[in-house]
2 protein chains.
Amino acid sequence: MKRAKKKIFADFIAQRGLKSTKQRDIILDSFLSSDRHLSIEELYLKLRAKHSNIGYATVYRTLKLFAEAGIAREMEFGDGQTRYEHVVEGEHHDHLVCTRCGSIEEFENQTIEDLQTQVAADRGFLIERHRLELYGVCGKCRS
Amino acid sequence: MKRAKKKIFADFIAQRGLKSTKQRDIILDSFLSSDRHLSIEELYLKLRAKHSNIGYATVYRTLKLFAEAGIAREMEFGDGQTRYEHVVEGEHHDHLVCTRCGSIEEFENQTIEDLQTQVAADRGFLIERHRLELYGVCGKCRS
DNA sequence: GTTAAAGTGAATTCCACTTTCAATTGGAGC
DNA sequence: GCTCCAATTGAAAGTGGAATTCACTTTAAC
Ligand SMILES: [Mn+2]
Ligand SMILES: [Mn+2]
Ligand SMILES: [Zn+2]
Ligand SMILES: [Zn+2]
């Protein structure tokens, strides 16, 4: 899986005439072995621990590249920080965000997805993407 | 309805020991007779046309007050601008956002709402609020 | 090895608010 | 009215995350 993502990014780099650099390798490796829903700043700080020579701008630009390559997706959960999550080929999910501890859970519900399409279709609206986030208190924080 | 909102705000102002000012009156009037989902900048520019003496900071602060008073709600649809929509007592709706013309339609679907509660409950998660936005092409832009 | 193009990162700029502060104003109490 | 003072205003400065600049470095194709 990490291998597959690396292959996708390598192909993307090649196909776009971009270059393979050690910074990109390091950032990709770190991203792939990190928690989901990481902010630029978080990944940057995580990298700084081992590689003091990687700049914020490079992390920023590289994450954008990951998104363009289709291995990452930009997200924003209302805290003013852009987050990047891992993309799993052909998989979609929405989020449950805990307003107490900040944890983010994922869920899938095909019935909801279908109803969205239905609602849109009734108005002649064609959905390209959507965003469904449930904010509240997670099980852990409730007990 | 405009009258009712004005009453709510007047009461809010009184109850909080704030003052009634002509700027607030003008801004409220303009907000109530404006399109839904207006950004601070948009309302500010609209006001400038007739009242060159109203500052951006005042519009900004007054909209925050409207939100606190419960007659407006803050929204953000991914364009980096905070928008304020009119609140209708006891009513909830979600949004269809056109990525071509920027228009914003509203919809309600109780089945989706119920399913959200269901999904959350299954994980011991208690929903406080949610956000459902469908992005795509509106009927007008498709034809 | 040469070289042109791409990449890097510290520093700077952008931008959408958000706060500060000196001057002004609303309105309660006389 | 008139006074007094807390609330309000708005120009300007500040904030923070994102985006860009620019003077080098690296890469990778000859
Ligand atoms: Mn996710
Ligand atoms: Mn709305
Ligand atoms: Zn929690
Ligand atoms: Zn449209």
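Protein chains get the first letters and strands the later ones, always in sequence-line order, with residue 1 at the start of each. Note that this is a predicted model, so its numbers are computed, not measured.
For B:Phe31 and B:Phe66, the ring centers are positioned less than 6.0 Å apart. For A:His95 and A:His37, the ring centers sit closer than 6.0 Å to each other.
Nearest-nucleotide assignment on DNA chain D puts the 5′-proximal partner with B:Ile13, out of B:Tyr44 and B:Ile13. Residues B:Gln81 and A:Tyr56 each lie close to DNA chain C; by heavy-atom proximity, the contact nearer the 5' end of the strand is made by A:Tyr56. Along DNA chain C, the nucleotide nearest to B:Ile40 and the one nearest to A:Leu65 differ in position, and the one closer to the 5' end is contacted by A:Leu65. Heavy-atom distances to DNA chain D give each of A:Glu41 and A:Lys19 a nearest nucleotide, and the one nearer the 5′ end belongs to A:Glu41.
Set against C:dT8, C:dG9, D:dG10, the side chain of A:Asn53 has C:dG9 as its closest nucleotide. Comparing atom distances between the B:Leu18 side chain and each of D:dT9, D:dA7, C:dG9 picks out D:dA7 as nearest. Listed nucleotides C:dT19, C:dG26, C:dG7 differ in distance to A:Arg24; the shortest reach to its side chain belongs to C:dG7.
In this structure, the CD1 atom of B:Ile27 is 12 Å from the P atom of D:dT8, given to the nearest Å. Protein atom CD of B:Glu76 is 14 Å distant from nucleotide atom C1' of D:dA18, rounded to whole Å. With rounding to whole Å, B:Gln15 atom CD is found 14 Å from D:dA7 atom P. In this entry the distance linking CZ of B:Arg16 with C1' of C:dG26 reads 18 Å, nearest Å. If you take CD of B:Glu74 and P of C:dC17, they are 9 Å apart, rounded to a whole angstrom. Spacing between atom CD1 of B:Ile54 and atom C1' of C:dT24 amounts to 15 Å, rounded to whole angstrom units. Regarding B:Leu47, its CG atom lies at a distance of 14 Å from the C1' atom of D:dT9, rounded to whole Å. Rounded to an integer number of Å, the gap from CZ of A:Phe77 to P of D:dG17 is 18 Å.
Distances shorter than 4.0 Å separate none of the side-chain N or O atoms of A:Ser20 from OP1 or OP2 on D:dT27. Look at B:Tyr60 and you won't find any side-chain N or O under 4.0 angstrom from OP1 or OP2 of C:dC17. Distances shown here put every side-chain N or O of B:Thr82 at or beyond 4.0 Å from the OP1 or OP2 atom of C:dA16. For the pair B:Lys22 and C:dG26, the criterion of a side-chain N or O lying under 4.0 Å from OP1 or OP2 is met. Remark: B:Lys64 is not in phosphate contact with C:dC17, judged by side-chain N or O atoms under 4.0 Å from OP1 or OP2. Put simply, B:Gln23 has a side-chain N or O that comes within less than 4.0 Å of OP1 or OP2 on D:dG10. Residue B:Thr58 has a polar side-chain atom (N or O) positioned under 4.0 Å from OP1 or OP2 of D:dG10.
For the residue pair A:Asp114 and A:Gln110, a side-chain donor N or O sits within less than 3.5 Å of a side-chain acceptor on the partner.
Crowding of A:Lys140 atom NZ: a count of heavy atoms from other residues, nucleotides or ligands under 6.0 Å not exceeding 12.
With contacts defined as side-chain heavy-atom distances shorter than 4.5 Å, the pair A:Leu115/B:Thr111 qualifies.
Distance alone, capped at 3.5 Å, is enough to place a donor-acceptor pair between the A:Thr99 side chain and the A:Gly136 backbone.
Nucleic acid contact for A:Ser39: none, since no nucleic acid atom lies under 4.0 Å from a heavy atom of the residue. Counting any heavy atom pair closer than 4.0 Å across all strands shown, A:Arg61 reaches a base atom.
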